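In what follows, a single structure is set out as structure tokens and then discussed.
What you see is a predicted model, and the numbers here were worked out from it, not measured in a lab.
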Amino acid sequence: MDELAIILVRGLSTGAIFSLIAMSFNVVYSSSGVLNFAQGNMLVLGGLAAHLLLDSTSVGSWFAMLPVAAIAIGAVMTVQGYVTLLPMRFQQHSESWLISTMAVSVIIGATMLLLQGPIAREVPSVFPSFRVFGTRTPAPYALAAGLAVVWYVALRWFLRRTLTGLAISALSQDIDAARTAGLPVRRLQLLAFTISGLIIGSAGFVAAPVLTITGESGVKYVLNGFIASVVGGMGSNTGALFGGALLGVLTMMTTYHVGGEFQNLLALLLLVGVLMIRPEGIFGRSSARRV
Amino acid sequence: MAAVTDSGTAERPARLNSDALQMIVGILVIALTTFIPELAGNPYWSHTFQLVNLFIAVSILQNILLVDAGQASFGQGAIFGMAAYMVGIAFGTHEIGYAAAFLCGVLAALCGGLLFALPSLRVQGFHLGFVTLSAAIVFPEILVALNDWTNGINGISLSFSWLKEPGTLGVSPLSLMIAATGAAALILQVGLRRTVLGRRMVVAALSPEAAQSLGISPGLMRAVAFLIVAAGTGVAGALYPAVVGFVSPSAFKFDLSILFFFAIIVGGRGQPMGPIVGVWLLYLLPNILLAEFVHYRLLAYGFVTLLVVLMFPDGIVGWLEKLRVNRQRSRRDGPILHLDQLFSGREAANKEPGERSAIEVRQGYKAFGKVVALDRVDLTVREGEIHGLIGANGSGKTSLLNVLTGLSRINGGTVLVNGTDISGLPAHRISALGLGRTFQKPRIFPSLSIWGNVQIGLDGRGGDHTQPSALSIDTLRDELEGRSADWLPHGQRRLVEVMRVVLKEANILLLDEPAAGLSPDERREFANLLRNVSRRLGKTVVLVEHDLDLVWDVADRITVLDAGRVIATGTPTEVARNPAAQPLFVGSKHA
């Protein structure tokens with residue numbers, strides 16, 4: 001019983017971090033079809049921002065610095081978005097994003113490795129850990145879960161209720177029609193990168209005490225975020241919440257019953273399983289085949 | 001050199017590609033970098049170039065997989081590592097002979113290739129790329145976890161001194177084997193493009209629908225490509241422990257997979273020389289220039305790749321190749337496909353439609369969710385007739401065509417093609433019954449010559465490989481070989497597709513809106529072509545078309561669809577008189 005509680009609480013809260021990565025994936029993916037491979041590094045950069053910005057453990061400075069970190073990563077991702085979208089103007093090379101985002105990921109990872117070596121940066125938690133179902137739970141986990149819900153609601157409102165959000169949603173459905181209708185496609189896509197940066201930056205900042213902040217860990221995070229996203233259904237934020245939770249619980253179960261070193265293998269098996277049975281994901285829309 | 005080429009191809013346009021030249025240069029580069037350091041007796045450079053040429057071989061193989069077979073596998077480092085580790089375990093730990101261990105290594109890589117091919121049956125593109133990349137990320141973790149066999153993080157040391165002794169020609173057997181692997185990979189890439197298998201891979205990669213309509217199973221092509229490439233990567237991987245003397249998990253981190261992939265992109269995807277330039281630029285150059293600053297290497301190759309993507313989207317060799325092609329494009333030729341090519345040597349036989357039915361649809365029913373695309377459709381197409389299939393957009397014409405070709409399945413009713421019930425048959429089997437189709441958007445494959453584009457039809461012929469009835473193949477080959485299909489105008493592309501299905505010896509041709517985008521002149525010529533295909537070659541033609549003038553001009557019989565239902569069928573005059581069909585003729589002379 002205790003064990004089940006630990007698996008569920010820890011699983012769901014780790015899953016919340018995966019959900020946040022998946023949601024930040026989705027914003028960019030639905031506006032431009034780009035899957036940002038550097039998204040995991042952005043999460044780690046968010047954590048690094050917490051390390052650099054938080055010198056005291058006061059709650060006040062934490063709240064003050066949260067938007068600063070989010071905006072900083074938002075700015076970084078806007079620049080990345082500009083670089084990524086640049087060669088995509090030529091239709092035939094529309095897959096250049098794959099390589100450019102991978103290259104950015106390598107650059108960020110390598111730079112961090114140069115600056116801090118293989119040692120992980122530590123960020124102390126401002127808030128004390130507390131008990132859920134008798135399980136001691138570090139506060140950042142709960143905060144990440146809360147943040148995931150906040151961003152989910154905010155994105156839902158933004159994409160459905162505001163004119164700009166609707167325009168971004170329109171891009172995901174038919175980019176050519178959107179262009180013909182006179183929407184500033186590039187600017188909207190760039191904005192999607194910025195929003196994605198705000199999500200991932202805040203996620204990294206909030207979860208910093210439980211993240212592994214090294215140059216190499218970004219790849220693991222992007223992998224988990226991608227799996228959460230595919231399991232839930234690419235482009236669906238509801239799917240992202242669900243996929244993250246599922247992956248988080250599975251990861252915790254693996255750690256307890258098989259061994260932590262098999263975490264990523266099990267996650268990979270989940271990914272392959274979902275793709276074989278339902279390639280569009282649980283909440284994804286299947287698209288009709290065009291001939 | 002240039003003069004010889006020019007005089008030899010005086011009347012020919014630009015060479016389609018520089019594959020052969022690149023292959024020769026590539027083999028020379030590999031040979032020189034193998035022989036010079038060894039003969040000069042420099043162990044540092046021989047060791048470095050052994051690694052470089054090994055990486056080049058893996059990257060070339062991935063290039064085949066990525067471009068010729070269209071499979072985005074970013075985890076080739078894991079396949080490479082599987083072979084290397086298997087050799088490490090078999091030879092290093094269990095001390096079985098190197099030859100046997102080598103074989104085990106290649107087998108392990110083949111297993112890896114099969115594992116990668118499995119998801120490729122369901123997902124493609126970046127999805128597949130991420131799955132394979134994930135495998136590459138997980139691979140070193142598994143190596144550490146399987147401590148009992150792999151000796152965990154410490155790895156396994158091996159001794160191969162006998163392979164490194166200078167042998168024949170003053171070069172060690174190991175260097176020779178590595179050079180041979182690299183050269184073989186190049187020859188495989190260029191050679192494959194000239195074989196039926198290679199062409200089929202290209203078709204299956206670029207258009208699975210077209211592949212199926214030509215009798216090719218895309219899934220089979222993917223699996224074959226993965227296995228061929230895995231076998232080659234396995235050979236390279238099995239040689240790796242001999243070069244380095246040990247295997248450890250950190251040697252096969254996902255950075256290695258990224259290196260193989262980036263090398264292709266930086267060099268130029270699809271270009272035989274691409275991986276050589278890529279590995280030199282990303283691995284060798286930082287190794288020399290940043291020898292003192294090991295940590296900066298990763299950063300360097302991230303930056304080089306990013307710069308190349310921004311400045312040379314086609315890669316460096318690809319950019320040079322484009323310059324060459326553009327320079328020669330000025331010698332552009334006029335229309336080179338014409339009707340005579342299709343009918344030369346055929347007497348003007350006038351084959352009238354027969355009485356047997358080529359296609360028979362009874363109560364065909366097809367629904368997508370709640371949308372009924374075909375509502376109990378009856379359709380009979382007699383042998384040798386031109387049958388027009390008309391109706392408004394969304395009336396079910398293309399749905400019917402997809403059912404006939406097996407791209408989608410009916411939910412009820414029966415479909416007979418040449419007397420065989422096709423329900424439940426996969427598309428590529430139906431194609432073998434003598435069905436050929438063209439697409440609304442012509443499926444032209446730019447990496448093949450015009451002849452190659454026509455030839456894939458010839459490749460798809462059924463059992464008998466006699467001279468096709470209709471054409472003088474040799475003449476056609478001479479006229480179309482080596483010409484790029486990239487610059488063909490739209491009307492000519494249609495003709496390529498028709499030629500392709502005629503060469504496939506299909507006796508039923510399904511044409512999906514063939515006149516769309518054709519000029520009035522081209523339409524007249526196309527009508528002429530259809531009459532000839534039907535009357536002189538005796539083919540059955542099903543023509544889905546919006547241009548009613550064209551349909552009334554050529555069709556023997558016409559079927560009108562509306563909202564998934566057949567509302568009229570008969571000769572053109574009968575249909576024109578049918579009141580149910582009247583709404584179609586707004587603004588047309590048949591009203």
Side-chain angles (χ1 to χ4, degrees), chain A residues 33-35 37 83-84 86-88 90 92-93 95-111 113-114 117 215-216 219-220 222-224 226-227 229-230 234 258-269 271-280 288-291, chain B residues 72 74 115 118-119 121-123 125-131 133-135 137-139 141-142 144-147 207 209-210 253-255 258 261-262 265-266 293 295-311 313-314 368 398 401-402 405 407-408 437 439-441 512:
Chain A
V34 169
L35 268 179
F37 192 76
V83 173
T84 308
L86 206 57
M88 286 175 67
F90 316 106
Q92 66 266 41
H93 300 298
E95 274 183 19
S96 61
W97 57 265
L98 240 168
I99 299 106
S100 55
T101 61
M102 271 188 194
V104 168
S105 162
V106 169
I107 291 171
I108 295 176
T111 311
L113 194 66
L114 279 176
E216 287 188 320
V219 178
K220 304 268 162 74
V222 80
L223 177 63
N224 282 309
F226 175 71
I227 295 174
S229 188
V230 168
M234 214 72 225
V258 193
E261 64 270 37
F262 292 101
Q263 260 186 25
N264 287 321
L265 178 64
L266 260 288
L268 174 63
L269 291 180
L271 173 67
V272 173
V274 168
L275 286 177
M276 297 301 278
I277 298 162
R278 199 177 150 83
E280 68 272 23
R289 178 138 109 179
R290 282 187 193 172
V291 178
Chain B
F74 302 151
L115 281 180
L118 206 63
L121 300 180
R122 289 289 279 181
V123 292
F126 66 81
H127 273 85
L128 182 62
F130 268 70
V131 175
L133 189 63
S134 310
I137 295 171
V138 172
F139 178 67
E141 295 178 11
I142 301 174
V144 175
L146 299 178
N147 198 7
S207 172
E209 296 86 13
K253 286 199 292 192
F254 96 108
D255 310 18
I258 296 275
F261 176 50
F262 278 11
I265 301 304
V266 167
F293 312 96
H295 297 305
Y296 286 90
R297 275 184 212 163
L298 201 59
L299 191 62
Y301 86 64
F303 266 116
V304 170
T305 308
L306 190 61
L307 282 180
V308 169
V309 170
L310 294 178
M311 291 163 63
D314 296 304
F368 297 98
T398 298
L401 223 51
N402 285 345
T405 48
L407 289 184
S408 64
R437 83 170 277 181
F439 295 86
Q440 280 185 24
K441 221 177 131 218
D512 196 357

Under the ring-ring contact (aromatic ring centres under 6.0 Å, His included) test, residues paired with A:Phe37 that sit two or more places apart: B:Phe130
With a 4.5 angstrom heavy-atom cut-off, could you sort out which part of B:Leu401 is near chain A: side chain, backbone, both or neither? neither
Interchain contact, A:Leu275 with chain B, by part (heavy-atom threshold 4.5 Å): both
Looking only at non-hydrogen atoms, find the nearest pair between B:Gly302 and A:Ala103 and report the distance. O-CB, 3.5 Å
Max heavy-atom pair count under 4.5 Å with chain B, selected residue of A:Val219, A:Val272, A:Leu271: A:Val219
Pair B:Arg437 + B:Glu209: basic N to acidic O under 4.0 Å: no
Please report the shortest heavy-atom distance between B:Ala145 and A:Phe262, naming the atom on each side. CB-CZ, 3.7 Å
Identify which part of A:Ile107 has an atom lying under 4.5 Å from any heavy atom of chain B, answering side chain, backbone, both or neither. both
Relative to chain A, which of B:Phe126, B:Phe139, B:Phe368 shows the most heavy atom pairs under 4.5 Å? B:Phe126
Given side chains that start at C-beta, do those of B:Arg122 and B:Leu128 come closer than 4.5 Å, heavy atoms only? no
Against chain A, work out which of B:Ala300, B:Ala210, B:Ser134, B:Pro119 has the most heavy-atom pairs shorter than 4.5 Å and name it. B:Ser134
Does B:Lys253 come within less than 4.0 Å of B:Glu141, counting only side-chain N to carboxylate O? no
In terms of heavy-atom proximity below 4.5 Å to chain B, should A:Leu265 be classed as side chain, backbone, both, or neither? both
Side chains of A:Asn264 and A:Lys220: does their closest heavy-atom pair fall under 4.5 Å? yes
What part of B:Leu118 lies closer than 4.5 angstrom to a heavy atom of chain A: side chain, backbone, both or neither? both
Please state whether the side chain, the backbone, both or neither of A:Leu266 comes within less than 4.5 Å of a heavy atom of chain B. neither
Tell me, please, which residues at least two apart from B:Phe261 pass ring-ring contact (aromatic ring centres under 6.0 Å, His included). B:Phe74
If we define contacts as heavy-atom pairs under 4.5 Å, which of B:Leu310, B:Val309, B:Val123, B:Leu306 has the most with chain A? B:Leu306
Proximal component of A:Gln263, with respect to chain B [non-hydrogen, under 4.5 Å]: neither
Mind ranking A:Val106, A:Leu223, A:Ile227, A:Leu114 by heavy-atom pairs under 4.5 Å with chain B and telling me who comes out on top? A:Leu114
Atom group of B:Leu299 that falls short of 4.5 Å from chain A, counting heavy atoms: both
Is chain B contacted by the side chain of A:Val222, its backbone, both, or neither, given a heavy-atom distance below 4.5 Å? neither
Would you mind reporting whether B:Val266 and B:Tyr301 have side-chain heavy atoms less than 4.5 Å apart? no
